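Step one of this worksheet: look at the structure below.
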Amino acid sequence: MRINHLLTTGICALAVTAVAMAQGRPAATTLEGPTRGPAFWIHDDGTVEVNGPDGRLIFHDIHDYVGSDWFMKNGKRCGLPPENERLIGEPIDPAQDGVAGGSSNDCSCSRTSPSATYDPANGEIYRIPVVVHVIQNSSGTQGFISEACVQSQIDILNEDFNAIPGTNGAPGNDARIEFFLATEDPSGNPTNGITYSQNSTWFNDNGNYYNSLAWNTSRYLNIYTNSASGALGYVPALGCANIDGQAQDRVVVLYSAFGDCATSSPYTLGRTCTHEVGHYLGLEHTFSGGCANASNCYQNGDLICDTNPEAQPNYTGCTQTSCGTPDPARNYMDYSQDSCMNNFTEEQNKRMRCILDHYRVQLPCDDCGTAPDNDDCSGAIALVSGPNDASSTGATTSGVNAPISCSSVNGPQVENDVWFSWTAPDNGFLTLGTCGAAFDSRIVVWNGGSCPSTGSPIVACGDNECGDDAVLTTLVLGGQQLIIQVGSPSGQSGNFTLDLQFDDITNPPSNDDCADATEVGVGQTTFTTVDATSSGFDDALSCSTSTGGQVFADVWFRFTAPCTGFMTIETCGSAFNSRFSAYNGSCPTNGSGVVLCGDDGCGDDATGQTLVFEGQVLYIRVGSPVEDDEGNGVLDISCEPIGGNDCPEDINGDDVVNGADLGLLLGAWGTSDADADVNDDGIINGADLGLVLGAWGPC
């Protein structure tokens, strides 16, 4: 028969007394008299009252109590009842096969068989839904724990049970057991997995509160935060006791030792909950059985052989020795300070998975709280331009944190994160935003096509740019591959829209602005509107068509009329939907002052004619009524003098017949181009060439 834990507790209480006194722990006020109340009580003002055989003790607050000699001497690191006082359920058929096979005898309360059947590497991930019942006193002055702090404790459980790299639990062994706050209550209603109650009796761990608060204990891990009856935490029995389904099946944690908001030093890293969940999943204390645990170790002491035997619980240092071997002081199932604890052993992991396989069969959840497909970086979803609807509900925490430079008041953590990928199509500026998310969100953009780890190079990060959500803009290069991480700095999750906008770096044409207008004359001028910006004002209403007066991606030209007569402007045959407008005398600042405009005169391109005077200066804008419609085009301008042309051989209208006119004629050879048809016989041929050569020189 195993040595009773009650004996061990008595031994360790004697062993730690001298150590505690030497450390000068806070002393309590000792009172005698008939006013003695409950064994342990936290009052509304925060004072702690302890009543026992030694009298009545009063501590200033919970922190003084946890740091006191009394706390150490009475072994309050864990309140697991002695073996003969633990709850126990009806025995189960040991031959009943579990999900993985094997027998319930493989992890009974008196035996462990560390079969490869339960090796985490050979089995599925067990995902456990959790409900946390936060109990305060009736006035609400003691015991409050925020939602973010509750989530932080779930994250700590995952770090410890899964040995997540980059976390405090990294040195351990991965049990492939994950925890998540329930997303549905027992009635199927949406929930955040947290309940809040105010009742001083319940807060002081009295009154059978679990009969009122418990969710189906076969399907939910019920964690309660309250005074824990003066311990840091406890469970009423080990997971092998077959009590799932009973309301009192639970994990209880002292509110001031819970999550990353814990304040009772040195128990501030959330390891109390890890320790108690270890009990919940069937693990004994590493020191159970003392040095006798070295013999027949699978049926004695802590029922585990790869934890060294330990004479008594460890409270202080991380490297104690007893029973001739180093103590497992860094194991979560010792009594060490939180900063020492960092591992479960491989055989402990097998035992816990065996408990889930035979004693808590309904607890792992396959159809609730399912993690998103992109919960892991390896499943990153490719982003598209515009809004990308997504959710982090049910997501786990990867442990990949942002750099300190990205940190806000919440620190660098990125919790409950989901992953995306994107490749830059060109050089330009990428903008990402999660504004309006249903939770406190942050974004980290990692460089490269492979999944990052904490410390990998980042491209950009965002947090709190729009409320508690994120917006970032960063320069990217064409072909650059990015991994985008979206999560929360405060342990929250929910639905969000990840908006992606990309603006490529442009090289606008030299005549993008009116002030830089290209000087042109009669004839044809090639141009481009690719990468052109918009001048910012519409065409006049008189120029508007069914598409409205908008002009996008416009370029500018300056033209001086060589004649008094009719000027014609055309953009026919352009590679985009073009329109033009001409302004008199100077660069316009709005759509007024237009003397000529055109749209859809030749297909979706433009043509128009107006009277001009010789020497008149016009500024001509060519753009598109359609946003993002850009391309190459030809601007064709002619000027026909009033009364006809006295010098028809002057094809370009510059008052001289020269090589320019000859070039235009030869370019139109064999056509019926009216501008080059000097003799108006309907065809450009040798007769027109003779006339041009005969009139060579000034008109």
Side-chain angles (χ1 to χ4, degrees), residues 509-511 517-529 555-576 578-582 595-622 631-699:
S510 59
N511 58 337
T518 298
E519 195 79 32
V520 294
V522 296
Q524 295 182 336
T525 302
T526 59
F527 67 91
T528 184
T529 62
V555 291
W556 291 85
F557 305 90
R558 185 179 186 275
F559 174 73
T560 302
C563 74
T564 297
F566 292 96
M567 177 187 69
T568 301
I569 300 176
E570 294 181 349
T571 58
C572 303
S574 294
F576 63 99
S578 63
R579 76 184 327 170
F580 76 81
S581 50
V595 297
L596 176 65
C597 51
D599 189 19
D600 295 341
C602 45
D604 63 2
D605 296 314
T607 181
Q609 187 178 76
T610 189
L611 178 66
V612 294
F613 297 94
E614 184 177 353
Q616 183 178 356
V617 175
L618 298 173
Y619 284 86
I620 303 168
R621 174 169 71 160
V622 180
N632 299 328
V634 177
L635 177 65
D636 192 357
I637 305 175
S638 64
C639 188
E640 182 70 24
I642 295 175
N645 190 350
D646 294 334
C647 187
E649 298 84 5
D650 179 16
I651 297 173
N652 64 3
D654 63 355
D655 293 329
V656 62
V657 180
N658 55 20
D661 302 293
L662 178 60
L664 292 173
L665 184 141
L666 294 176
W669 195 269
T671 71
S672 59
D673 186 344
D675 290 335
D677 187 8
V678 179
N679 61 4
D680 292 326
D681 64 354
I683 187 169
I684 291 85
N685 54 23
D688 302 291
L689 175 59
L691 292 172
V692 168
L693 295 175
W696 201 268
C699 289

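For this chain, numbers begin at 1 and follow the sequence in order. This one's a predicted model, so the numbers in the text were calculated from it and none came from an experiment.
Taking T568 as the reference, Q609 meet the side-chain hydrogen bond (donor to acceptor under 3.5 Å, both in side chains) condition, with sequence neighbours excluded. Under the ring pair (Phe, Tyr, Trp, His ring centres under 6.0 Å) criterion, F576 pairs with no residue, sequence neighbours left out. Annotation: salt bridge (charged side-chain N to carboxylate O under 4.0 Å, His left out) contacts of D599 (sequence neighbours excluded): R579.
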Less than 3.5 Å apart, which donor and acceptor atoms pair up between the side chains of residues 690-699 and the rest of the protein, not counting sequence neighbours?
none

Name every donor-acceptor pair, under 3.5 Å, that has one atom in a side chain of residues 610-617 and the other anywhere in the protein, sequence neighbours excluded.
residue	atom	partner	partner atom	Å
Q616	OE1	F613	N	3.0
Q616	NE2	N584	OD1	2.9

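Minimum interatomic distance between V622 and T529 (heavy atoms only, all atoms of both residues): O-CG2, 4.3 Å. Closest heavy-atom contact between T607 and C572: CB-SG, 4.5 Å. In terms of heavy atoms, C563 sits closest to P641 at SG-N, 3.9 Å. Heavy-atom minimum distance, V522 versus P562: CG1-CG, 3.8 Å.
Distance CD1/I637 to CD/Q524: 10.5 Å, rounded to 0.5 Å. For the atom pair CD1 of I620 and SG of C597, the computed distance is 12.5 Å after rounding to the nearest 0.5 Å. I683 contributes atom CD1, which lies 12.0 Å from atom CG of D673 (distance to the nearest 0.5 angstrom). Distance check: L635 CG to T526 OG1 gives 10.0 Å after rounding to the nearest 0.5 Å. Between the CG atom in L618 and the CE atom in M567 there is a gap of 4.5 Å [rounded to 0.5 Å]. To the nearest 0.5 Å, atoms SG (C639) and CG (N652) are separated by 11.5 Å.
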Exercise. Given side-chain contact (heavy atoms from CB on, under 4.5 Å), test T560 with E519 step by step and report yes or no.
Key: CA-CA 8 Å; T560 302; E519 195 79 32; 3.9 Å; yes
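In summary, of the residues considered (F527, F580, Y619), a ring-ring contact (aromatic ring centres under 6.0 Å, His included) with F557 occurs for F527 alone.
Side chain to side chain, S578 and D605 meet the donor-acceptor criterion of an N or O pair below 3.5 Å.
Looking at L662 and L689, their side chains come closer than 4.5 Å, going by heavy atoms from C-beta outward.
D688 places no side-chain N or O within 3.5 Å of a backbone atom of D677 that could act as its donor or acceptor partner. Judged by distance alone, the side chain of N511 and the main-chain N or O of W556 form a donor-acceptor pair under 3.5 Å.
The stretch residues 690-699 participates, sequence neighbours left out, in no salt bridge (Lys or Arg N to Asp or Glu O under 4.0 Å) pair at all.
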